[in-house]
Amino acid sequence: MEKIVILTGAGISAESGLGTFRDAGGIWAQHAVEDVATPEGFTRDPHLVHRFYNARREKAAGVAPNSAHLALARLEHEYSGEVVIVTQNVDALHEGAGSTHIIHMHGALAGALCAACGHRWPAPLKMDTNDPCPACSVPATRPDVVWFGETPYEMEAIWAHLEEADLFAAIGTSGNVYPAAAFAQHAGRAGAHTVELNLEPSTNVRDFAELHHGPAGTIVPLWVDELLRH
Ligand code: OAD
């Protein structure tokens, strides 16, 4: 029984119609990271931050999984070993495609988090910082997403999965944001075969033993077909 750990990034959702961050015209060309994706930005102007995530939540609610998400769900269901998806994405397209073993290391648009007491609850489509927390009633609602300067979720479990992986694949991620950008090297050193599937070579392309470059919607189903044949 082999274990496959798959890291996904914004590129896997691009063909569903969600923007990536660092491509030309991407999200970080339209918004300043420090304003909308840091705890300091939230303290300065929480309404601006909520407007940004409300718009992303609304957009994400109107899109569907593409053939890359569907292929990964098929892999989980048809593969004889274990398949774990670690995603940097805050959309729910892996769930929508039918994958079940998913770690949202950067949180999820579907979640609300109370900055005062840490309580979590399902996010309504539109949120505001003045919404009272259902547990402590303090109006300190924030999206349950991880911002720059914060620690990604479930890191202990993720490092353990990487150390147990026989195969590690990174799909649709530019390799610019740590700790995710270190996963290929970590898994490779622990003995995994490493595969990059991305539109173009990522920043840390040297950490991968096998490369597939092209749109995820095309190359991921082909790669999954190949894995399921063996
Ligand atoms: P990026 O926008 O940095 O990178 C997306 C990658 O996907 C690029 O390398 C593109 O070439 C590739 N790509 C674009 N379209 C593709 C397609 N159709 N098929 C395959 N690949 C495609 O996004 P991430 O690497 O996910 O964090 O960014 C990582 C983190 O940085 C995000 O989770 C977010 C962001 O700032 C936070 O907000 C905390």
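Both counts, for ligands and for their atoms, begin at 1 and track the order of listing. These figures come from a predicted structure and were not determined experimentally.
Of the protein's non-hydrogen atoms, Arg22 NH1, 3.2 Å is the one closest to atom 28 (O) of ligand 1. Among protein heavy atoms, atom 16 (C) of ligand 1 sits closest to Gly11 O, 3.5 Å. When hydrogens are left out, the protein atom nearest atom 19 (N) of ligand 1 is Ala216 N, 2.8 Å; that is the closest non-hydrogen contact. Summary of contacts: the protein heavy atom closest to atom 25 (O) of ligand 1 is Thr173 OG1, 2.7 Å. Atom 29 (C) of ligand 1 has as its closest protein heavy atom Gln88 OE1, 3.3 Å. Annotation: atom 2 (O) of ligand 1 to nearest protein heavy atom, Phe21 N, 2.7 Å.
Residue Trp147 has no nitrogen or oxygen atom sitting less than 3.5 Å from a nitrogen or oxygen atom of ligand 1, judged on distance alone. Among the atoms of Ala10, some N or O lies under 3.5 angstrom from an N or O of ligand 1. Some N or O of Asn198 is nearer than 3.5 Å to an N or O of ligand 1, by distance alone. Considering backbone and side-chain atoms alike, Ala14 places every N or O at 3.5 Å or more from each N or O of ligand 1.
The aromatic rings of Phe168 and Phe208 lie parallel to each other, with less than 30° between the two planes, well short of the 60° mark. Using cut-offs of 30° and 60° on the angle between ring planes, the pair Phe42 and Trp147 is tilted. Using cut-offs of 30° and 60° for the angle between ring planes, the Trp28 and Phe21 rings count as tilted.
A side chain to side chain donor-acceptor pair (under 3.5 Å) with His94 is found for exactly one of Thr8, Asn89, Thr100, namely Thr8. Among the candidates Leu70, Leu72, Leu18, the single residue satisfying the side chain to side chain contact (heavy atoms under 4.5 Å, CB included) test with Leu93 is Leu18.
No close placement of the His186 and His161 rings is indicated, their centers lying 6.0 Å or farther apart.
Listed by number with element, the atoms of ligand 1 under 4.0 angstrom from any heavy atom of Val177 are 29 (C), 30 (C), 31 (O). Close approach to Glu200 involves these atoms of ligand 1, each under 4.0 Å from a residue heavy atom: 11 (O). Under a 4.0 Å criterion applied to the non-hydrogen atoms of Val146, ligand 1 contributes the atoms 39 (C). Close approach of ligand 1 to Gly9 is summarised as follows: ligand atoms under 4.0 Å from at least one heavy atom of the residue are 26 (O).
Residue contacts with ligand 1 include Asp23, since one or more of its heavy atoms lies under 4.0 Å from the ligand. The closest approach between any non-hydrogen atom of Pro215 and ligand 1 is below 4.0 Å. Residue contacts with ligand 1: Phe148 is included, with a non-hydrogen atom under 4.0 Å away.
Of the charged side-chain nitrogens involved, none lies within less than 4.0 Å of a carboxylate oxygen, so that Lys3 and Asp166 do not count as a salt-bridged pair. Looking at Lys59 and Asp91, no side-chain N of the basic residue comes within less than 4.0 Å of a carboxylate O on the acidic one, giving no salt bridge. Using a 4.0 Å cut-off between charged nitrogen and carboxylate oxygen, Arg142 and Glu150 count as a salt-bridge pair.
Put simply, the side chain of Val224 reaches to within 4.5 Å of the side chain of Arg74, judged on heavy atoms.
Contacts with ligand 1 closer than 4.0 Å are made by side-chain heavy atoms of Glu15 only, the backbone lying farther away.
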